[in-house]
Amino acid sequence: MTAMPAVFADQVVGESGGVVVDALQGGVGEVTAVEWHSSWEYNKQVTDGSSQTSDPRTVDVGTSQTEHESVGVQTDPVVTNSGVWQHDELPPGCAEAVKAVADVMIAALDANIVSHAFDGYDVQWESELRQVSCEHTLHHEALAGSDLQCVAVDWNATGAVVVAAYGRVDDVESWYAHKSTICSWNIDRYFMAPTKADSAIEMPSCVGSLSCHPERPPLLVCGLYNGAVVVLDMSRTSGQEVIFRSAPEQGHTEPVMHVSWVARTDARRQTTYMVVSMAGDGKVLCWGLPKEHKHDGKLVLLSRYAVKGSDIRLSQKGSKAGSGTEAGLSALGLYSDGLSEPKFVVGTETGGLLQCTLATARPTDSGETSPVLMGHTPHVGSVYGLSYSPFHRNLFLSCSSDGSARIYNALSRKPVMMADPGLGYLLDAAWSRHRPSVFAVASASGKIALYDLAAQRGSVTPAVTLVANENGASVYGVAFNPKKSRYLATGDAQGIVKVWALSDELIRQGHQEVEVLDALANDIGSE
């Protein structure tokens, strides 16, 4: 008998590894379940438990995302034709109505052309300011205790940054080699710190003068007490602001008391700028900026002029200065329109005023070149401030330690106007860059006098007198803003820079103000 193999149709695996046979395919009866245990596998026990780590700690912090501001676009809204009549669809009767009043309207327009009813009227785009007010009082705390004075102020080309030069006016000899600082503040900054300058550049010697570039906002030139002329780029990183300086053997031998940028137009009608510097050694030097791709950091000396004692006699006929001695220059005022050769006037420590030009210079007895053309009636004291009018090429303003401010015609010896504000020594003078008839003078008594020639009736008196400080500290610098007519900057002996907001009367140009200057220039009197 042959045994038939059993065929398992289904299998169930037990938990202990045994096999349970449910049925046999083709079987005749039931098969009893069979179970067996593994000899090597053991049952696993599982226990629930918590982890031994500490609870996670979470902290909410802000992101460093920049601020965003939503602005509107400058597109015009879409206007549909619905409800808008076209030019070829005149309402009924419109043409007849216009024809009926056309003659009256044309006559009124013709009358307006010759009418002066609205002369001097200016639209008010901002709130009216009836009085002059101090808008900013600035100083650099790091200079506290240094005894440095603010000796000069100026505005950059945008009119947003005021720059102050620090030095010493009353003790030049002992401060000759001392370090000083040039500070700047951006008054348009929302978070401007009045006690900390936005930029502070340390200089190797006290600064005697400075001038910002008329077109390039980061550039400025300054004159130092050691006789050097330095050009700075304030956009550079700290310690690298000085880009050009004068060579020691070519520079001045006394403190540089004036520097200016002068525009020149070449044959190709391209405008370039040179620097004019003046010092107490009687020298007037013209410097050019070297090419960017080839320079050794030195300014290029273009021309050299000398004012001698013989020149002083043109202004002060009784002067006993020797012909070959150097004239002690104390101030310079320059006029340049970029087209013709610049002309300037220099003031001396003895009160002399000398009209000069860079176009036709003559040799002196010592072989140097003299720029002097003629002399003007001198002041009684030293001349400290000179400023040419931006609106009239022949009028310039002067101020002196004799306490007087004068306006001269460059073509005449005698002054065409004299004013005495009664403030003592006058140390600086500036003509407004927006109002032809407005100028300012700074005094040693801590006050600034503002004049408006168009509003004068009879005697010449200040329109406004500002008090820069209550201590009577001298105000050494005054500068009108070249772009923003509202602002005037001053700097005093306490190291304080003040930005004044001028009243509407001092910034609105009236009718025929230039004609007021023309009339003043023509009143030259008898020679």
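- When all heavy atoms of S432 and P390 are compared, the closest pair comes out as O-CG, 3.6 Å.
- Looking only at side-chain heavy atoms (C-beta outward), F344 and V262 stay at 4.5 Å or farther from each other.
- Contact annotation: the side chain of L488 never approaches that of V132 to less than 4.5 Å [non-hydrogen atoms, C-beta and beyond].
- In terms of the ring pair (Phe, Tyr, Trp, His ring centres under 6.0 Å) criterion, residue partners of H376 (sequence neighbours excluded) are, by chain and number, F396, Y408.
- Residue Q250 places its CD atom among more than 12 non-hydrogen atoms of other residues, nucleotides or ligands, all under 6.0 Å distant.
- Atom CD1 in I201 sits 9.5 Å away from atom OG1 in T181 (nearest 0.5 Å).
- Closest of all the heavy-atom pairs between G375 and L354 is CA-CD2, 4.1 Å.
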Report the C-alpha separation of L299 and V229 in whole Å, then their side-chain angles, then the decisive distance to 0.1 Å, and conclude whether the side chain to side chain contact (heavy atoms under 4.5 Å, CB included) test is met.
-> CA-CA 8 Å; L299 290 170; V229 178; 4.0 Å; yes
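- The two residues V441 and A429 have their closest heavy-atom pair at CG1-CB, 4.0 Å.
- Taking the side chain as every heavy atom from C-beta outward, W287 and L301 approach each other to under 4.5 Å.
- Inspection of the H379 and S398 side chains reveals an N or O donor paired with an N or O acceptor under 3.5 Å.
- Rounded to the nearest 0.5 Å, atoms OG (S180) and CG (L224) are 7.0 Å apart.
- Across C286 and Y305, no two heavy atoms sit closer than the pair SG-CE1, 3.9 Å.
- R406 contributes atom CZ, which lies 4.0 Å from atom CE of M418 (distance to the nearest 0.5 angstrom).
- Scored by the side-chain contact (heavy atoms from CB on, under 4.5 Å) test, K483 finds N481 as partners (sequence neighbours excluded).
- For H140 against A197, the heavy-atom pair with the smallest separation is ND1-N, 3.1 Å.
- Atom CG of N409 and atom CD of Q355 lie 9.0 Å apart (nearest 0.5 Å).
- Note that OG1 of T158 and NZ of K484 are 7.0 Å apart. Values are rounded to the nearest 0.5 Å.
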For S303 and T369, run side chain to side chain contact (heavy atoms under 4.5 Å, CB included): C-alpha distance rounded to whole Å, both residues' side-chain angles, the deciding distance at 0.1 Å, then the answer.
-> CA-CA 9 Å; S303 54; T369 304; over 6 Å; no
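- The CG atom of D492 sits 9.0 Å away from the CG atom of N471 when rounded to the nearest 0.5 Å.
- Look at R486 and D504 and you find a salt bridge, because one of the NZ, NE, NH1 or NH2 atoms lies within 4.0 Å of a carboxylate O, short of that distance.
- The existence of a salt bridge linking D154 and R433 is confirmed by a sub-4.0 Å separation between a basic side-chain nitrogen and an acidic carboxylate oxygen.
- Panel note: side chain S336, backbone P342; no donor-acceptor pair is recorded below 3.5 Å.
- Smallest separation of non-hydrogen atoms from A164 and V497: CB-CG2, 3.6 Å.
- With contacts defined as side-chain heavy-atom distances shorter than 4.5 Å, the pair C356/V346 qualifies.
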Please lay out, stage by stage, how L358 and M274 fare under the test side chain to side chain contact (heavy atoms under 4.5 Å, CB included).
-> CA-CA 12 Å; L358 301 179; M274 68 177 182; 3.7 Å; yes
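- Under a 4.0 Å N-O distance rule, the pair D452/R435 qualifies as a salt bridge.
- No side-chain heavy atom of V499 sits less than 4.5 Å from a side-chain heavy atom of W185.
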Where do C150 and Y476 land on the side chain to side chain contact (heavy atoms under 4.5 Å, CB included) test, with the steps shown first?
-> CA-CA 7 Å; C150 181; Y476 291 119; over 6 Å; no
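- In summary, the side chains of N186 and D198 do not present any donor paired with an acceptor at a separation below 3.5 Å, with no hydrogens or angles considered.
- Within a 6.0 Å sphere centred on NZ of K343, other residues, nucleotides and ligands contribute more than 12 heavy atoms.
- Legend: residues meeting ring pair (Phe, Tyr, Trp, His ring centres under 6.0 Å) with Y451, ordered by chain and number and at least two apart, are F439.
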Report the C-alpha separation of S277 and H252 in whole Å, then their side-chain angles, then the decisive distance to 0.1 Å, and conclude whether the side chain to side chain donor-acceptor pair (under 3.5 Å) test is met.
-> CA-CA 9 Å; S277 62; H252 295 278; 2.8 Å; yes
